[in-house]
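I have placed the structure first, in the form of structure tokens, so that the comments after it can refer back to it.
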Amino acid sequence: MRILHTADWHLGRTLEGRSRLAEQEAFIDELIEIVEKEQIDAILMAGDVFDSVNPPAAAEQLFYESLARLSDKGRRPVAVISGNHDHPDRISAARTLLSDYHIFLFGRPEASVCRIDVPSCGETMMLAPLAYPSESRLAELLSSDHREAVLRDRYDDRIRALLETMAASFTEKTVNIVMSHLYVAGGRTSDSERPIEVGGAYTVAATSLPKAAQYVALGHLHRPQDVKRAETAARYSGSPLAYSFSEAGHAKSVTVVDVHPGGAASVTEIPLAAGKPLVRWKATEGLAQVYRWCEEGKDQSCWVDLELHVTEPLTMEEIYRLRKLHPGFVYIRPVFPQRVEEEAEVSREALSLEEMFCRFYKRQTGGQTPDEELVRLFLELAAEEEQEGGEE
């Protein structure tokens, strides 16, 4: 069986008000090409279909059109779970209508397994589809003790138990897959993932993923990556587009999994070309350098975060000219030499904790100085924290 694993489409998401819909449409076109070229038997979409619980109509239309194209009139099964950005009931609303076309939608986390016959390869998949399992969506109070460590342990215990219950339905004659939208401890994050946990409470240990599964398809982290320390093959496919400048330079991909009943999964990463790259420019030579880059056609098809070193504030005319020269400028951030020198000087100083707090307070309040009582309270709290850390 040949499975394509994807996740985190975030349909409807913008970049500082700039629509990404055309890029998302291009990704779907590329995805269809990959599915056909790689002769994919089934598709798993591991959550965050949309970027919000109330997506724009154009995003919903793109989603349903995508399902229709991917399923090829029911010849290719497609399974989708909700992520933390999705409204669970919106995801599963059309499940009865679409099930006749081998499209399976799972909105809320339930301990049930879906048996999916895959006609193109003559094999059967036992899919454990655990949609984003927050405490509220599980409709359970996991602990009345609100300490982070306790909540984390209770959450991990609950998710492990759910997955073990589901994995009990796996057989030697089927392809056994787990799909979920989780944060597994140790994964590498980016700024475009909005947290799914309070502190670190909604975190699952890699060893809690059931080793009875031949593959665990995960969503939430936007950087494609394998899950280390898991006792079975487990992977985040990553997002198809870069959604923040912290992802500048990241390669995007989908994952193809070859697996047969009773065998080990073989994982292949298929790179994606759709979507505008996000890049950072650092113009230390001022406006003339930016004008030269624009004339040279540098990164014309990219979204750009521009750090511009200047001695005087930019005028509205200069900002307008920059945006006209390169419509991809998302941020234009002027940097003044005096500020750079001050920050470099501060980094060279050996500051006391009290001095660091005072400087931080001034930056946050626009130049105000903290009173003695506030400084004293801060130092006392810092001392208590250091003492508690030393006792552990």
Side-chain angles (χ1 to χ4, degrees), residues 1-13 19-52 55-83 85-87 90-107 114 116-123 125 127 129 131 175 177 179 181 217 219 222 224 237-241 243 252-258 268-276:
M1 186 182 298
R2 193 137 230 243
I3 302 168
L4 185 139
H5 167 205
T6 179
D8 296 281
W9 292 358
H10 289 275
L11 301 181
R13 184 158 186 165
S19 174
R20 309 294 300 278
L21 188 63
E23 296 171 74
Q24 291 168 338
E25 291 172 344
F27 155 66
I28 296 299
D29 289 340
E30 185 177 12
L31 183 63
I32 300 299
E33 291 177 5
I34 292 171
V35 164
E36 294 176 351
K37 180 181 178 181
E38 298 294 329
Q39 298 181 330
I40 299 299
D41 299 307
I43 296 159
L44 304 178
M45 198 292 173
D48 279 354
V49 174
F50 302 113
D51 192 56
S52 70
E60 287 195 289
Q61 181 177 344
L62 179 58
F63 172 54
Y64 287 111
E65 288 177 351
S66 304
L67 292 180
R69 296 174 67 188
L70 290 169
S71 70
D72 190 22
K73 298 181 180 178
R75 286 185 281 269
R76 188 184 299 117
V78 181
V80 181
I81 59 171
S82 67
H85 285 249
D86 301 313
H87 193 299
R90 184 183 292 271
I91 292 296
S92 60
R95 64 186 303 173
T96 303
L97 179 65
L98 296 179
S99 62
D100 289 342
Y101 295 90
H102 270 168
I103 299 172
F104 305 91
L105 306 177
F106 307 94
C114 182
I116 301 175
D117 293 322
V118 183
S120 58
C121 63
E123 295 175 341
M125 179 194 300
L127 176 66
V175 171
I177 305 293
M179 176 166 61
H181 196 88
H222 289 186
S237 65
S239 62
L241 304 180
Y243 285 117
K252 296 299 182 178
S253 63
V254 293
T255 299
V256 172
V257 183
D258 289 289
T268 307
E269 192 173 5
I270 306 293
L272 294 170
K276 294 184 179 182

Nearest-0.5 Å distance, [atom1] of residue [X] to [atom2] of residue [Y]:
{"X": "Ile28", "Y": "Phe63", "atom1": "CD1", "atom2": "CZ", "answer": "9.5 Å"}
{"X": "Ile177", "Y": "Ile116", "atom1": "CD1", "atom2": "CD1", "answer": "10.0 Å"}
{"X": "Met179", "Y": "His5", "atom1": "CE", "atom2": "NE2", "answer": "8.0 Å"}
{"X": "Leu105", "Y": "Thr96", "atom1": "CG", "atom2": "OG1", "answer": "9.5 Å"}
{"X": "Met1", "Y": "Ser120", "atom1": "CE", "atom2": "OG", "answer": "8.0 Å"}
{"X": "Ser82", "Y": "Phe106", "atom1": "OG", "atom2": "CZ", "answer": "11.0 Å"}

List the atom of [X], the atom of [Y], and the distance in Å for their closest heavy-atom pair.
{"X": "Pro56", "Y": "Gly12", "result": "CG-CA, 4.1 Å"}
{"X": "Pro271", "Y": "Ser253", "result": "CA-CB, 4.0 Å"}
{"X": "Ile40", "Y": "Ala42", "result": "CG2-O, 3.1 Å"}
{"X": "Ile43", "Y": "Arg76", "result": "CD1-CD, 3.7 Å"}
{"X": "Ser92", "Y": "Gly107", "result": "CB-N, 3.7 Å"}

Do the side chains of [Y] and [X] get nearer than 4.5 Å, heavy atoms only?
{"X": "Leu67", "Y": "Val80", "answer": "yes"}
{"X": "Leu127", "Y": "Leu44", "answer": "yes"}
{"X": "Met125", "Y": "Pro77", "answer": "no"}
{"X": "His10", "Y": "Arg20", "answer": "no"}
{"X": "Glu60", "Y": "Pro55", "answer": "yes"}
{"X": "Asp86", "Y": "Asp48", "answer": "yes"}
{"X": "Val118", "Y": "Ile3", "answer": "no"}
{"X": "Asp8", "Y": "His181", "answer": "yes"}

Inset, instruction - Show the numbers, then the answer: is there a side-chain contact (heavy atoms from CB on, under 4.5 Å) between Ile34 and Leu272? - result: CA-CA 9 Å; Ile34 292 171; Leu272 294 170; 3.7 Å; yes
Legend entry - Sole residue of Tyr243, Phe50, Phe27 in ring-ring contact (aromatic ring centres under 6.0 Å, His included) with Trp9: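 Between Trp9 and the candidates, ring-ring contact (aromatic ring centres under 6.0 Å, His included) is satisfied uniquely by Phe27.
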Legend entry - Pairs touching residues 30-42 that satisfy salt bridge (Lys or Arg N to Asp or Glu O under 4.0 Å), sequence neighbours left out: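 Counting only pairs at least two positions apart or across chains, the salt bridge (Lys or Arg N to Asp or Glu O under 4.0 Å) contacts touching residues 30-42 are Arg2-Glu38.
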Inset, instruction - Return the set of residues passing side-chain hydrogen bond (donor to acceptor under 3.5 Å, both in side chains) with Arg69 (not counting sequence neighbours), or none when no residue passes. - result: Asp29
Inset, instruction - List the steps and the verdict of side-chain contact (heavy atoms from CB on, under 4.5 Å) for Leu4 and Leu31. - result: CA-CA 10 Å; Leu4 185 139; Leu31 183 63; 3.7 Å; yes
Legend entry - Val254 backbone acceptor or donor facing Thr6 side chain under 3.5 Å: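 No, because the side chain of Thr6 does not come within donor-acceptor range (under 3.5 Å) of the backbone of Val254.
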Legend entry - Sole residue of Ser237, Ser239, Pro240 in side-chain contact (heavy atoms from CB on, under 4.5 Å) with His222: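 Exactly one candidate clears the test, Ser239.
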